[in-house]
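Worksheet: one structure, shown below.
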Amino acid sequence: MEWNKAADKTATTIRMLSAEAVERAKSGHPGMPMGAADVGLALWAGHLNFNPRDPGWPNRDRFVLSAGHGSMLLYSLLHLFGFDLSIEDIKNFRQWESKTPGHPEYKMTPGVETTTGPLGQGVGNAVGMALAAKLLAARINTPKYSVIDHMVYAIVSDGDLMEGIASEACSLAGHLALGNLVFLYDDNDVTIEGPTALAFSEDVGARFLAQGWHVQKVDGLDKKAVSDAIDKAKAETGKPSLIMCKTRIGYGCPTKVGTPDAHGAPLGEVEIQGARECLAWEEPEFAVTDEVKEFIKTALAPKLTRYESWKKTLEDFKKEEPERAALLEVFLKGDAPADLEEVLMAAAKSDGPVATRKASGAVLQEAAKATPFLIGGSADLAPSNNTLIKKKLSVSRENYEGVNLRFGIREHAMGSLANGMALYGFIPYCGTFLVFADYMRPPVRLAALMGLRVIYVFTHDSIFVGEDGPTHQPIEHVSSLRVIPNLHVIRPADAAETGMAWVEAIRRKDGPTALCLTRQGLPVIDRSKYAAAEGLKKGGYVLAGEGDPDLVIIATGSEVALAMEAYESFTARGVKCRVVSMPCLEKFEAQDQSYRDSVIPPSLDNRVVIEAGVSFGWGKYAGLKGLTLGMDRFGASAPGKVLAEKFGFNGKAVIEMIECSFPGLFK
């Protein structure tokens, strides 16, 4: 690639498109795109492999703009390089239903690989993508055919690298020797409040060296220097690479360059006019000159040649390696096996009481056999979460064919890496104690926002954890997860519901699923006597007590057994009682009104809800005259059975509370 005057003019085009779009929108972040324009262009023109007419090409290089506030840098590049993003889309930056939202949004803009903006998340996503690429290559490639051999690049910022998730994710990337990963660090020494020196004085290069990365430092305003550094990074196949690119925020601005004033607000007409003069830019607003278009055309040519060459390689690969080619097709389609439910429900069978975490572990063994691209692990809790695939190797720098991921004690990074893997096409699962879901909440929210198929195995789901005490006993966590739109939170009542929960989680393609599982053993519900666990597919179902009830008891998870104990007592006394198992509120609320009314009659006031967590959110089901038996205080350290007695979560206490609340039923 020749870094000539046409390249300089292209970088200036990126700067001006960014500044002008922000100015028109009256909001946005012009400084980062103006400062990093040379970095972005050096990567996109000289190295990044893609085909704008086939944005989903499996072997494309992935690019993550982790500093998502600089979205106009990405939009400018996408527009210039021929993606389906017009100049009108650029002009509609940050407007209603535009393809150029304020931060990059997955599925909204062609060529955007992930939703970024919350700083640090793109770092973790990129590490997850690079790991996924290694995993897929190990399963598909042969000595003759490298069908998957691309790179993952990200532009990261000072703000990204201050976030704790960056340290977690980059530590794991170095440990796994992800040599297919290159970070370009937009090192401009400025954040919103002022110079980074206010709060950030560490030696970033030394940190990454200590984490096992290859590190270089270059002038980020020198396209050739950046490009040469990328060449060196690609040559270092045994380590991920960090290229520290020294830039100036708002480069080209006459007065705001290098200051926080260029970060997160329009520059103003006077400053933009000054930038035009400083950059010798005499073109009209939103202009892309013929010289720039010709430069882009020249830069695109080798990318399209590589694309066509890969297609030819793929055809030969299909002929000579039909089994591996079929496996790749399975990966790309992402469908669950047709017999998944039959296989997993067989694995969920139990002859006696079993903790749902253990039932989950048994189901997972068969799920991993049936679904070749289901892969995951825990944040150092596999023996407790039951997330280890038995008799299988762990993923390591020596073995990317392994199936067990060792995330270490890095919950936040685990969630973000899982998002990157899901974006790539895997079905990742990740486990920890439910109480530590807080440590990974940002990536859980983003998985829900992007509609990613990620499965969270959250075990030790209530005060019945016992002796570990309040710090390890989730109280508000199930409720807090339920408020995240598009996240399915499933709290199964027994082994059968656990099996069905895994079926639904794997089949679901439009969002993540959280499985909230018990530490303690739960009775196995007699499905020959009561309703089948298939009812979980609708979120809530009548488990026991058909006909017109006088009393409805709604329960989830471990408390369904208490509801059934009350049911047996009340029906023996002539009370028409119904038990509703409600493992997933989100799925239940997605059913039509007639079904929901058939499960919980709207005219019936005698309703009880039982869940060993905060009562928040249950009022709509209990009703104004109903009873909610929850846990609206923190727990205590004692054996689980003692806690059940002290806090009123045993059969006797539940029965007495219901009798006191609805005395008219028990005359």
Side-chain angles (χ1 to χ4, degrees), residues 68 96-97 99 101-109 112-118 121-122 124-125 128 334-336 374 376 411-412 414-432 434 437-458 461 474 476-492 497 500-517 536-540 556-557 582-593 595-596 613-614 616-618 620-621:
W96 174 252
E97 293 187 338
K99 292 161 70 174
H103 292 80
E105 300 286 352
Y106 177 62
K107 292 182 180 178
M108 187 174 291
T109 312
V112 170
E113 300 282 2
T114 181
T115 295
T116 55
Q121 292 303 319
N125 292 170
D335 295 333
L374 175 71
E411 293 90 354
H412 197 171
M414 176 174 67
S416 190
L417 263 70
N419 286 354
M421 295 175 66
L423 287 159
Y424 195 90
F426 280 88
I427 308 174
Y429 65 88
C430 45
T432 187
L434 176 57
D438 288 341
Y439 280 55
M440 57 189 293
R441 190 176 185 88
V444 173
R445 180 179 185 271
L446 285 172
L449 176 64
M450 289 188 273
L452 303 181
R453 180 165 44 176
V454 181
I455 302 169
Y456 308 106
V457 182
F458 292 140
D461 74 338
E476 74 279 19
H477 296 76
V478 171
S479 181
S480 73
L481 289 171
R482 285 180 180 138
V483 303
I484 298 176
N486 199 38
L487 173 65
H488 285 182
V489 181
I490 305 180
R491 191 167 182 247
E497 280 194 4
M500 190 59 68
W502 269 103
V503 172
E504 290 297 284
I506 292 172
R507 282 178 173 171
R508 187 182 185 209
K509 285 186 172 184
D510 61 354
T513 302
L515 308 180
C516 301
L517 309 172
L536 181 142
K537 294 178 181 180
K538 293 189 175 182
T556 79
M582 187 72 77
C584 185
L585 281 171
E586 298 77 25
K587 291 176 73 68
F588 183 71
E589 292 181 354
Q591 307 307 313
D592 59 50
Q593 189 66 50
Y595 175 78
R596 285 180 282 156
V614 292
F616 175 79
W618 281 112
K620 67 182 292 185
Y621 292 99

Taking all heavy atoms of [X] and all of [Y], pick out the closest pair and write down the distance.
X	Y	value
P583	G539	CD-O, 2.9 Å
C430	M440	SG-CE, 3.8 Å
A422	V454	CB-CG2, 3.8 Å
P428	A418	CG-O, 3.2 Å
S479	V614	CB-CG2, 3.5 Å
I484	A448	CG2-CB, 3.8 Å

Do other residues, nucleotides or ligands put more than 12 heavy atoms under 6.0 Å from the OH atom of Y595?
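Correct, the count exceeds 12.
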Check: [Y] main-chain N/O paired with [X] side-chain donor or acceptor under 3.5 Å:
X	Y	result
R453	I506	yes
S416	P443	no
E586	V489	yes
N486	D510	yes
T513	I455	no
R596	Q591	yes

I would like to know whether T432 and F458 meet side-chain contact (heavy atoms from CB on, under 4.5 Å); could you show each step before the answer?
CA-CA 5 Å; T432 187; F458 292 140; 3.8 Å; yes
With a 4.0 Å cut-off on N to O distance, would you call R482 and E589 a salt bridge?
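No.
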Do the non-hydrogen side-chain atoms of [X] and [Y] ever get within less than 4.5 Å of each other?
X	Y	answer
P512	L452	no
L423	E113	no
M108	E97	no
Q121	P442	yes
V112	K107	no
P118	R445	no

Nearest-0.5 Å distance, [atom1] of residue [X] to [atom2] of residue [Y]:
X	Y	atom1	atom2	value
T109	E105	OG1	CD	7.5 Å
T115	N419	OG1	CG	9.5 Å
S480	R441	OG	CZ	4.5 Å
L515	E497	CG	CD	12.0 Å
I490	K587	CD1	NZ	6.5 Å
T556	R491	OG1	CZ	4.0 Å

Walk me through whether R508 and H488 qualify under side-chain contact (heavy atoms from CB on, under 4.5 Å).
CA-CA 10 Å; R508 187 182 185 209; H488 285 182; 3.5 Å; yes
Can you tell me how the ring of Y621 sits relative to the ring of F588, calling it parallel under 30°, perpendicular over 60° and tilted otherwise?
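Aromatic pair Y621/F588 classed tilted.
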What verdict does the side-chain contact (heavy atoms from CB on, under 4.5 Å) test give for D438 and E411, after you've listed the backbone C-alpha separation in whole Å, the side-chain angles of each residue and the deciding distance to 0.1 Å?
CA-CA 9 Å; D438 288 341; E411 293 90 354; over 6 Å; no
Among V457, V478, L517, which one satisfies side chain to side chain contact (heavy atoms under 4.5 Å, CB included) with L434?
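Filter result, single survivor: V478.
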Applying side-chain contact (heavy atoms from CB on, under 4.5 Å), run through N125 and Y106 and close with a yes or a no.
CA-CA 12 Å; N125 292 170; Y106 177 62; over 6 Å; no
